[in-house]
Amino acid sequence: MKQSLVILLALSSLLKAGDTGSRVLYVGGTVPGLTSKSSARMEMPGDDALKFNSRGNSFAIPYKDVDTLEYGTRVGRRYLEAALISPVFLLGKKKTHYLTIGYVDDKGQHQAMVLEVGKNDIRAMLVSLEARTGRRVEFQDEEARKAGKG
C-alpha cells in the first residue's frame, strides 16, 4: 500500500513537471482566432516574448510590443453554491482576478486581451510582466492594488 502511494506521488510530480506556464481563461478581447471563455496557458519562458496557447491556437507577444498592463478584481457572493449546497456560502466572497494586456501586433494593429488568472498565479505574473516589459501595471482601484502588491 505504501509503495503504491509513493509511486503515485512520484508520477504526479513528473506529470506536473512537464506542465509549464499558468492556466488562464481568455475572457475576451480583440485577438483574432480566439473565442471568449477559452481556457489557455500563458508562458513567459524567456526575455523576448510571452507565449499564449489555447486549443491549437498558439502565438507569441514580444515584450517590447506590450503597451498596456492593467489589473483588476471583482468580488462577488457565492449565490449558486449557497442555493445548491449550504447557506453558509453566503458568508464567503469569491474574488476573481483579471489581467488586461494591450499590445501592437505584427501588422501594426492594437490588440487587447482580458484574462482571468488564478489567485495563486497573479502576483508572480504581474511582477514578471512588469520586469520584462518595462511597463508599470495599472490598477483599476485600491482593492486591486492591495491584492496585486500584497
Separation between [atom1] of [X] and [atom2] of [Y], rounded to the nearest 0.5 Å:
X      : Y      : atom1 : atom2 : value
Arg74  : Glu116 : CZ    : CD    : 7.5 Å
Arg23  : Asn120 : CZ    : CG    : 13.0 Å
Asp121 : Ser128 : CG    : OG    : 11.5 Å

[X] versus [Y]: any side-chain heavy-atom pair under 4.5 Å?
X      : Y      : value
Thr73  : Thr96  : no
Met125 : Met42  : yes
Ser58  : Lys51  : no
Leu115 : Val27  : no
Gln109 : Val104 : no
Glu70  : Gln140 : yes
Tyr71  : Glu138 : no

Any residue meeting side-chain contact (heavy atoms from CB on, under 4.5 Å) with Thr30, in chain and number order, not counting sequence neighbours: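 side-chain contact (heavy atoms from CB on, under 4.5 Å) check on Thr30 returns Gln111, Ala112.
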According to side-chain contact (heavy atoms from CB on, under 4.5 Å), who are the partners of Thr35, at least two apart in sequence or on a separate chain?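 Here the qualifying residues are Ser38.
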Measure across Met44 and Leu50 and return the closest heavy-atom pair with its distance rounded to 0.1 Å. CG-CB, 4.0 Å
Which heavy atom of Ala49 sits nearest a heavy atom of Pro62, and at what distance?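 Scanning both residues completely, I find the closest heavy atoms to be CB-CA, 3.8 Å.
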Is it true that a side-chain atom of [X] and a backbone atom of [Y] form a donor plus acceptor pair closer than 3.5 Å?
X      : Y      : value
Ser54  : Ser39  : yes
Arg135 : Val66  : yes
Asn57  : Gly33  : yes
Arg132 : Asp47  : no
Glu130 : Val137 : yes

Quick one, Thr100 with Leu69, criterion side chain to side chain contact (heavy atoms under 4.5 Å, CB included). Give me CA distance, side-chain angles, the key distance, then yes/no. CA-CA 6 Å; Thr100 302; Leu69 295 171; over 6 Å; no
State which residue, out of Ile122, Val117, Leu99, Val114, fulfils the side-chain contact (heavy atoms from CB on, under 4.5 Å) condition with Val24. Val117
Determine, stepwise, if the pair Met113 / Ile61 fulfils side chain to side chain contact (heavy atoms under 4.5 Å, CB included). CA-CA 11 Å; Met113 58 183 183; Ile61 302 171; 3.5 Å; yes
Checking His110 against Asp105: is there a side-chain donor and acceptor pair closer than 3.5 Å?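 Distance-only check fails for Asp105 and His110.
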Applying ring-ring contact (aromatic ring centres under 6.0 Å, His included), which residue pairs with at least one partner in residues 30-68 are found, sequence neighbours left out? Phe52-Phe59
